[in-house]
Undergrad: 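Can you read through this structure? Questions will come right after.
Lettering follows sequence order; numbering is per chain, from 1.
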Amino acid sequence: MNETPNLNSFKTGPDEDGRFGIFGGRFVAETLMPLILDLQAEWDKAKTDPEFQAELKYLGAHYIGRPSPLYFAERLTEHLGGAKIYFKREELNHTGSHKINNCIGQILLAKRMGKTRIIAETGAGQHGVASATVAARFGLPCVVYMGATDVERQAPNVFRMKLLGAEVKPVTAGSGTLKDAMNEALRDWVTNVDDTYYLIGTAAGPHPYPEMVRDFQSVIGIEAKQQMLEAEGRLPDLVIAAVGGGSNAIGIFHPFLDDESVKIVGVEAGGKGLEGDEHCASITAGSPGVLHGNRTYLLQDGDGQIKEGHSISAGLDYPGIGPEHSWLADIGRVDYVPIMDHEALEAFQLLTRLEGIIPALEPSHAIAEVIKRAPKMGKDEIILMNLSGRGDKDIFTVGKLLGMGL
Amino acid sequence: MTARMDKRFADLAAEGRPALVTYFMGGDPDFETSLAIMKALPSAGADIIELGMPFSDPMADGPAIQLAGQRALKGGQTLAKTLEIARHFREGDQDTPIVMMGYYNPIYIYGVERFLDDALACGIDGLIVVDLPPEMDDELCIPALKKDINFIRLATPTTDDKRLPKVLENTSGFVYYVSMNGITGSALPDPTVVGGAVQRIKGHTKLPVCVGFGVKTADHARAIGASADGVVVGTAIVNQIASSLTGDGKSTGATVPGVETLVRGLAAGVRSAKLVAAE
């Protein structure tokens with residue numbers, strides 16, 4: 001944040017209207033505009049408030065468990081026979097994923113703003129769990145909107161949220177996934193503007209959310225860069241992360257954007273293949289449009305109606321993507337590639353057996369891309385991958401897919 | 001064609017009563033039925049027509065209008081077909097202003113310039129696009145105003161005196177006051193509170209102020225109409241349509257007459273509301 005301005009930097013966005021190139025913006029109903037402007041004002045103050053930053057740092061260290069380790073995946077590296085593979089172990093965070101980084105930041109903001117009620121949307125349930133967790137920690141009631149389909153396939157997380165005292169509201173509209181949960185959360189917010197804070201879980205939505213969530217998640221990349229310099233004395237050659245809405249990815253990418261030698265790849269959910277509608281590859285197979293407060297790449301038909309999409313992983317099952325990713329794709333700084341359901345499932349199993357780490361299905365997409373690329377790279381080259389969440393929540397889904405009884 | 005809108009409000013002011021603004025979803029439950037509904041509205045007493053453009057993700061709408069949009073989309077409705085409904089209507093009615101209401105993405109995908117040209121050709125007088133606040137005026141509002149299409153803005157209880165001038169800056173036609181924070185189809189708020197809010201807005205603009213969200217009956221229309229230049233009814237009409245359909249969402253002989261009866265009642269409501277001296 002305190003670096004000297006650089007006209008050639010990829011890190012100067014968004015502009016004051018929340019735009020990354022043509023992407024981003026504030027496409028919301030008038031009822032929400034004053035709230036979004038308030039949030040922005042508070043966020044602008046908090047960013048430079050040493051007390052806020054100190055509290056964030058303290059909770060990061062003692063509540064989340066930061067810094068998360070940088071781990072050399074020795075056996076996977078050996079198995080693939082190419083580049084050295086490092087994982088940023090975000091799955092070791094409290095609540096089991098990177099989501100908590102953002103939730104701690106936003107709940108501190110909510111507290112500063114005097115809000116007394118938290119709402120959130122969730123797909124895989126990781127953000128719902130993280131939101132319910134911080135709401136419990138700060139003594140605020142929390143309502144989590146979750147697609148009915150996801151409630152079913154992520155049962156362990158639903159139970160965790162309930163244990164934490166959150167109210168989980170299943171959303172049956174549409175196909176009952178993350179997009180529909182977000183619509184319903186926005187409807188709640190429009191209705192309860194006075195006391196409610198909307199804790200968005202990904203780096204999308206109206207400005208300032210994409211910027212704010214990115215900044216809270218950038219701790220991942222900032223730490224990883226430092227840790228990599230300590231471990232290897234140099235930067236990685238390739239940084240890889242899975243992208244749904246894109247918060248774990250932008251968190252690890254952002255600190256590396258201006259390092260020319262670092263190639264960056266975002267992995268989208270290719271679902272059952274890009275030919276039909278059963279995927280969530282917004283950038284690879286979508287087009288720019290306006291949804292949920294921002295302009296970004298979306299899966300949509302010729303009439304501008306949003307499609308439902310599909311992914312084996314509930315956390316990637318979203319027909320859009322954060323606006324900064326859309327911009328990074330358009331300017332060519334980051335490559336976005338699809339990984340199919342079956343490839344992610346294979347990667348899930350391989351990592352489990354080789355490294356004794358059960359990954360979530362979301363980062364399993366990133367692992368699958370590592371499996372493709374590492375063998376083609378030299379042994380002196382380095383891959384850094386964001387292992388953004390652990391797979392405990394997915395064991396039932398995986399068990400079913402593999403035909404294994406639990 | 002801002003002239004049609006201005007004339008309508010001037011005529012109503014001369015009559016001394018508020019406008020009845022009626023909303024229905026284009027293509028609900030099918031193209032032909034919704035065109036028949038639209039054609040029936042003026043003679044039943046509607047002064048201005050809001051023609052809904054269905055969208056897959058209507059974030060500011062309650063269940064009734066969400067379902068109406070889903071029915072329309074399922075029936076194959078598109079933005080092009082919604083424009084087509086307006087074009088057919090306009091062939092037989094040169095006087096009733098039409099305002100298209102919906103969300104931005106279908107317009108963005110259609111192409112802003114192409115949409116505005118086609119809207120003009122189909123006799124559209126104004127647009128209400130829920131997810132385009134003044135901060136996004138360059139997208140559609142300014143291009144629409146340049147083509148002489150009204151851009152009607154929503155003002156809400158959260159729009160305070162500091163923000164109102166920004167909201168009103170590029171608004172034309174009328175101001176749509178959303179009488180409560182929330183989604184469409186909610187309960188009616190206290191008419192006296194609404195009256196105060198309308199006066200607050202009128203302190204900032206000479207435009208007519210129409211009030212919506214929560215108006216369902218003739219009594220509501222009369223109560224809200226006493227302090228506003230117009231009363232918007234949407235969910236009640238959409239619900240009336242829904243209740244007339246078969247189990248699998250097809251129109252019946254009761255669909256169009258049901259809307260006519262409801263609108264006639266609402267029209268009687270606004271006609272018995274005394275217009276508070278606007279100036």
Side-chain angles (χ1 to χ4, degrees), chain A residues 16-19 22 24-38 40 171-175 179-196 205-207 287-296 298-308 319-320, chain B residues 53-63 66-67 69-70 72-73 76-82 102-111 115 129-136 138-140 153-160 162-164 166-167 176-178 180-186 213:
Chain A
E16 59 180 18
D17 296 320
R19 301 216 188 237
I22 68 159
R26 285 181 285 222
F27 296 88
V28 296
E30 175 58 29
T31 316
L32 295 181
M33 266 318 295
L35 280 80
I36 283 168
L37 294 175
D38 279 354
Q40 191 184 336
V171 179
T172 51
S175 67
K179 161 179 96 99
D180 311 297
M182 202 153 178
N183 288 336
E184 213 51 42
L186 283 164
R187 290 184 188 115
D188 180 313
W189 201 24
V190 152
T191 309
N192 301 292
V193 291
D194 293 330
D195 62 347
T196 297
H207 180 61
S287 57
V290 174
L291 179 71
H292 293 154
N294 57 180
R295 178 168 18 232
T296 193
L298 299 172
L299 302 179
Q300 55 187 330
D301 68 16
D303 189 43
Q305 309 298 337
I306 310 304
K307 292 186 188 176
E308 298 289 353
Chain B
M53 301 177 273
F55 181 49
S56 53
D57 293 80
M59 291 157 294
D61 284 303
Q66 288 176 45
L67 289 171
Q70 283 174 22
L73 291 173
Q77 191 68 10
T78 59
L79 183 51
K81 286 186 182 173
T82 306
Y103 296 79
Y104 183 43
N105 197 51
I107 295 171
Y108 177 68
I109 296 305
Y110 194 93
F115 171 76
V129 182
V130 178
D131 51 355
L132 286 178
E135 280 74 6
M136 299 280 113
D138 290 344
E139 297 282 337
L140 181 65
R153 190 98 60 195
L154 306 181
T156 73
T158 60
T159 317
D160 58 18
K162 196 172 133 233
R163 184 159 170 82
L164 256 177
K166 176 142 186 120
V167 168
Y176 185 152
Y177 180 64
V178 173
M180 73 190 74
N181 297 324
I183 52 179
T184 51
S186 316
F213 281 37

Undergrad: Considering all heavy atoms of both residues, which atom of A:Gly289 and which atom of B:Asn105 are nearest to each other, and what is their separation?
TA: CA-OD1, 3.2 Å
Undergrad: Which atoms form the tightest heavy-atom contact between A:Pro34 and B:Thr158, and what is the distance?
TA: CG-O, 3.3 Å
Undergrad: Please classify the contact of B:Ile107 with chain A as side chain, backbone, both or neither, using a heavy-atom distance under 4.5 Å.
TA: neither
Undergrad: How far does CG of A:Leu298 sit from CD1 of B:Ile109, to the nearest 0.5 angstrom?
TA: 7.5 Å
Undergrad: Hey, which of B:Thr78, B:Leu79, B:Val129 has the most heavy atom pairs under 4.5 Å with chain A?
TA: B:Thr78
Undergrad: Report yes if some heavy atom in the side chain of B:Pro58 is under 4.5 Å from a heavy atom in the side chain of A:Arg187; otherwise report no.
TA: yes
Undergrad: Measure B:Asp160 against the heavy atoms of chain A and call it side chain, backbone, both or neither at under 4.5 Å.
TA: neither
Undergrad: Which pair of non-hydrogen atoms, one from A:Gly304 and one from B:Phe55, has the smallest distance, and what is that distance?
TA: O-CE1, 3.3 Å
Undergrad: Given a strict heavy-atom distance threshold of 4.5 Å, which part of A:Leu291 is in contact with chain B: side chain, backbone, both, or neither?
TA: side chain
Undergrad: Can A:Arg19 and B:Glu135 be said to form a salt bridge (Lys or Arg N to Asp or Glu O under 4.0 Å), step by step?
TA: CA-CA 12 Å; A:Arg19 301 216 188 237; B:Glu135 280 74 6; over 6 Å; no
Undergrad: Any chance you could measure B:Ile183, atom CD1, to A:Leu186, atom CG, to the nearest 0.5 Å?
TA: 11.5 Å
Undergrad: Which answer fits A:Pro206, side chain, backbone, both or neither, if we ask what part of it has an atom under 4.5 Å from a heavy atom of chain B?
TA: neither
Undergrad: For B:Pro54 versus A:Gln305, what's the shortest heavy-atom pair and its separation?
TA: O-NE2, 3.2 Å
Undergrad: Please lay out, stage by stage, how B:Met136 and A:Arg295 fare under the test side-chain contact (heavy atoms from CB on, under 4.5 Å).
TA: CA-CA 11 Å; B:Met136 299 280 113; A:Arg295 178 168 18 232; over 6 Å; no
Undergrad: Has A:Thr31 got a side-chain atom pairing as donor or acceptor with B:Thr156's backbone, closer than 3.5 angstrom?
TA: no
Undergrad: Assess the residue pair B:Val167 and A:Met33 against the criterion (side-chain contact (heavy atoms from CB on, under 4.5 Å)); give the C-alpha distance rounded to whole Å, side-chain angles, the decisive distance to 0.1 Å, and a yes or no.
TA: CA-CA 10 Å; B:Val167 168; A:Met33 266 318 295; over 6 Å; no
Undergrad: Go through B:Glu139, B:Lys162, B:Met180 and name the one with the most non-hydrogen pairs under 4.5 angstrom from chain A.
TA: B:Glu139
Undergrad: Grab the two heavy atoms, one from B:Ser56 and one from A:Ile306, that are nearest each other, plus how far apart they are.
TA: OG-N, 2.8 Å
Undergrad: Nearest 0.5 Å, please: how far is CG in B:Asp57 from CG in A:Asp180?
TA: 7.0 Å
Undergrad: Please name the pair of heavy atoms, one in B:Pro133 and one in A:Val28, separated by the smallest distance, quoted to 0.1 Å.
TA: CD-O, 3.2 Å
Undergrad: Applying side-chain contact (heavy atoms from CB on, under 4.5 Å), run through A:Glu30 and B:Val178 and close with a yes or a no.
TA: CA-CA 10 Å; A:Glu30 175 58 29; B:Val178 173; over 6 Å; no
Undergrad: Counting N and O atoms only, with roles assigned by atom type, does the side chain of A:Asn183 sit under 3.5 Å from a partner on the main chain of B:Met59, one being a donor and the other an acceptor?
TA: no
